[in-house]
Amino acid sequence: MPFVYDENAPFWEGTRRHELMIQRCRECGSYQFYPRTNCTKCLSENVEWVKSNGKGKVYSFTIAYRPGGAAFVNDVPYNIAIVELDEGVRMPTSIVECKNEDIKCDMPVQVVFEDVSPELALPRFKPTT
Amino acid sequence: MGSLTKKAAIVGAAESDIGQTPGKSPMELMAQAAKRALDDAGLTKDDVDGLCTASMGGTWLLEVGEYLQIMPNWSSSTQYGGSSFEAHVGHATAAIAAGLCETVLIVMGSTSVSDRKLTMPRGAGPHGSDPRAGAVFNGRLYGLGGPVNSYAMAATRHMHQYGTTMEQLAEISVATRKWAALNPKALMREPITIQDVLNSPMISYPLHLLDCCLVTDAGGAVIITTPERARNLKKKPVWVLGYGEHFTHDTIAYMPDITVTPAAKSGEAAFKMAGLTRKDIDVTEVYDSFTITVLMQLEDLGFCKKGEGGAFVSGQRTAPGGAFPLNTSGGGLSYTHPGMFGMFLLIETVRQLRGECGGRQVKGAEVGLANGCGGLLSSCATVILGKD
């Protein structure tokens with residue numbers, strides 16, 4: 001369970017609604033991820049939450065053959081990816097509805113949400129059809 | 001001549017016992033390395049008035065000072081991973097040049113392998129860090145584990161963008177092992193082939209076991225001092241000629257370009273300060289946490305063009321007898337790797353420039369480059385060293 005507090009809560013509230021929320025600066029227009037109180041470009045505090053269209057492409061990925069923690073012992077081999085959204089921001093994630101060996105860099109993907117528990121939904125990405 | 005060129009010299013360098021050191025603490029290894037480095041310099045602890053160190057702990061610098069009973073007038077504990085010790089060389093040189101201190105001990109110790117058997121309290125975040133901010137979005141929710149997963153993603157993208165192959169990455173492991181075979185202190189000295197690397201277990205695609213560094217215990221230390229003092233010691237000074245540093249991110253998803261390390265900037269700054277070109281470097285020691293780390297640093301330091309690292313290391317060009325002597329100690333891949341290897345790049349560069357390397361000595365080595373690359377390809381510090 002991620003540590004949820006004021007700065008990042010709107011992101012996790014968004015995933016529970018199956019919406020991918022990122023931030024945009026009202027002053028300079030820059031998008032950013034992960035959540036921050038200030039704009040990473042101009043340091044303005046005038047930052048708003050906006051809904052991403054959830055589309056992007058695989059920037060890179062790996063297939064883990066050793067678990068990256070006790071919770072993943074039964075999952076190996078599994079993929080871990082970085083997706084670059086159309087808005088230009090990148091996020092760590094994983095690719096679903098696709099065999100590990102079929103994942104390619106720059107492959108177009110779109111967000112899907114996994115309801116892990118009533119409190120937590122995790123964004124993952126599947127190939128765009 | 002840049003602002004720090006020949007403003008200080010490394011006059012002592014040594015490692016502690018390495019490999020497995022059961023029952024020892026990091027502090028014991030550090031004290032051992034500090035003693036050996038001071039002996040190497042012909043100096044005593046009383047000569048030291050500056051101290052640099054880095055570890056995972058919060059006020060580690062104070063603990064080290066107290067343990068060694070060094071009460072410095074100047075200190076620095078920049079900690080951005082395994083490249084921290086190259087940064088310490090630059091910072092110490094600046095401090096010496098500014099007259100803030102005369103003789104700095106840069107020291108580290110780690111019992112990475114022996115600590116696996118211990119149960120110790122850990123901090124809440126990934127490195128005992130704050131569990132908020134970026135720590136929530138670092139990829140651990142998706143099973144991103146140790147450094148290998150992050151470096152593997154750099155390799156995947158490099159292969160995609162430039163056509164780099166797993167065979168080319170394996171060339172680096174094979175060549176480095178050949179250097180290790182010439183270093184009596186190296187922990188892994190059995191020859192390996194490209195096929196051995198490709199047949200070793202896949203750890204995190206596209207990196208195999210033999211693309212990964214060792215996990216060992218080790219400590220190390222270097223002594224750096226003023227030009228005046230350096231000229232009057234038992235061994236010839238190894239001068240700081242150029243220095244540069246740069247860092248870009250903490251975790252891998254936020255690396256601006258996953259195929260370009262911060263060495264692109266730190267290297268350029270170091271060459272500019274030294275007033276030297278790539279052709280002037282006789283021996284190169286770059287951080288080899290993984291084979292991909294090496295390949296990208298060679299490109300970013302300008303030894304070849306971006307994307308041509310695979311061709312550059314092919315045909316065992318970096319092995320003993322090859323055109324480009326690289327990681328001559330056997331590196332983190334085959335000599336030792338206590339979690340932060342940068343210290344050992346400095347020690348080997350000093351030894352090469354002094355002509356102390358026996359069977360692995362690079363003939364006529366006058367200028368050497370050590371490039372640390374720490375964190376998750378996060379930070380690089382480049383030190384160019386030369387003899388008189």
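Keep in mind that what you see is a predicted model, and the values were worked out from it rather than measured. A, B, ... follow the sequence lines: proteins, then strands. Residue 1 opens every chain.
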Are A:Asn8 and B:Phe137 close enough, and set up right, to give a side chain to side chain contact (heavy atoms under 4.5 Å, CB included), and what steps lead you there?
CA-CA 10 Å; A:Asn8 69 27; B:Phe137 300 98; 4.0 Å; yes
[X] [atom1] to [Y] [atom2] distance, which is reported to the nearest 0.5 Å:
X	Y	atom1	atom2	answer
B:Leu141	A:Leu122	CG	CG	5.5 Å
A:Ile63	B:Ile203	CD1	CD1	14.0 Å
A:Ile80	B:Tyr142	CD1	OH	11.5 Å
B:Met153	A:Cys105	CE	SG	10.5 Å
A:Tyr65	B:Leu207	OH	CG	12.0 Å
B:Asn149	A:Thr62	CG	OG1	5.5 Å

List, one per line, each side-chain donor-acceptor pair under 3.5 Å for residues 301-313 of chain B, sequence neighbours excluded.
from     : atom 1 : to       : atom 2 : distance (Å)
B:Lys306 : NZ     : B:Thr259 : O      : 2.5
B:Lys306 : NZ     : B:Glu299 : OE1    : 2.8
B:Lys306 : NZ     : B:Asp300 : OD1    : 2.8

So for A:Pro67, is it side chain, backbone, both, or neither that comes closer than 4.5 Å to the heavy atoms of chain B?
neither
Which answer fits A:Val89, side chain, backbone, both or neither, if we ask what part of it has an atom under 4.5 Å from a heavy atom of chain B?
neither
B:Tyr335: which residues meet the ring pair (Phe, Tyr, Trp, His ring centres under 6.0 Å) condition with it, sequence neighbours left out?
none
So for B:Ile252, is it side chain, backbone, both, or neither that comes closer than 4.5 Å to the heavy atoms of chain A?
both
Which of residues 15-44 of chain A get closer than 4.5 angstrom to chain B, counting heavy atoms alone?
A:Phe33, A:Tyr34, A:Pro35
Output yes when a side-chain donor or acceptor of [X] lies under 3.5 Å from a complementary backbone atom of [Y], and no otherwise.
X	Y	value
B:Tyr205	A:Asn100	no
A:Tyr78	B:Gly143	yes
A:Arg90	B:Met255	yes

Suppose we screen for salt bridge (Lys or Arg N to Asp or Glu O under 4.0 Å). Which residues come up paired with B:Glu268, at least two apart in sequence or across chains?
B:Arg278
Looking at every heavy atom in both A:Ala64 and B:Ser204, which two are closest together, and how far apart are they?
CA-OG, 4.2 Å
Does the side chain of B:Thr156 come within less than 4.5 Å of A:Tyr59's, by heavy atoms?
no
Please indicate whether B:Met188 has more than 12 foreign heavy atoms, meaning atoms of other residues, nucleotides or ligands, lying under 6.0 Å from its CE.
no
Verdict with supporting geometry, A:Asp106 and B:Arg157, side chain to side chain contact (heavy atoms under 4.5 Å, CB included):
CA-CA 9 Å; A:Asp106 292 337; B:Arg157 183 77 199 180; 2.9 Å; yes
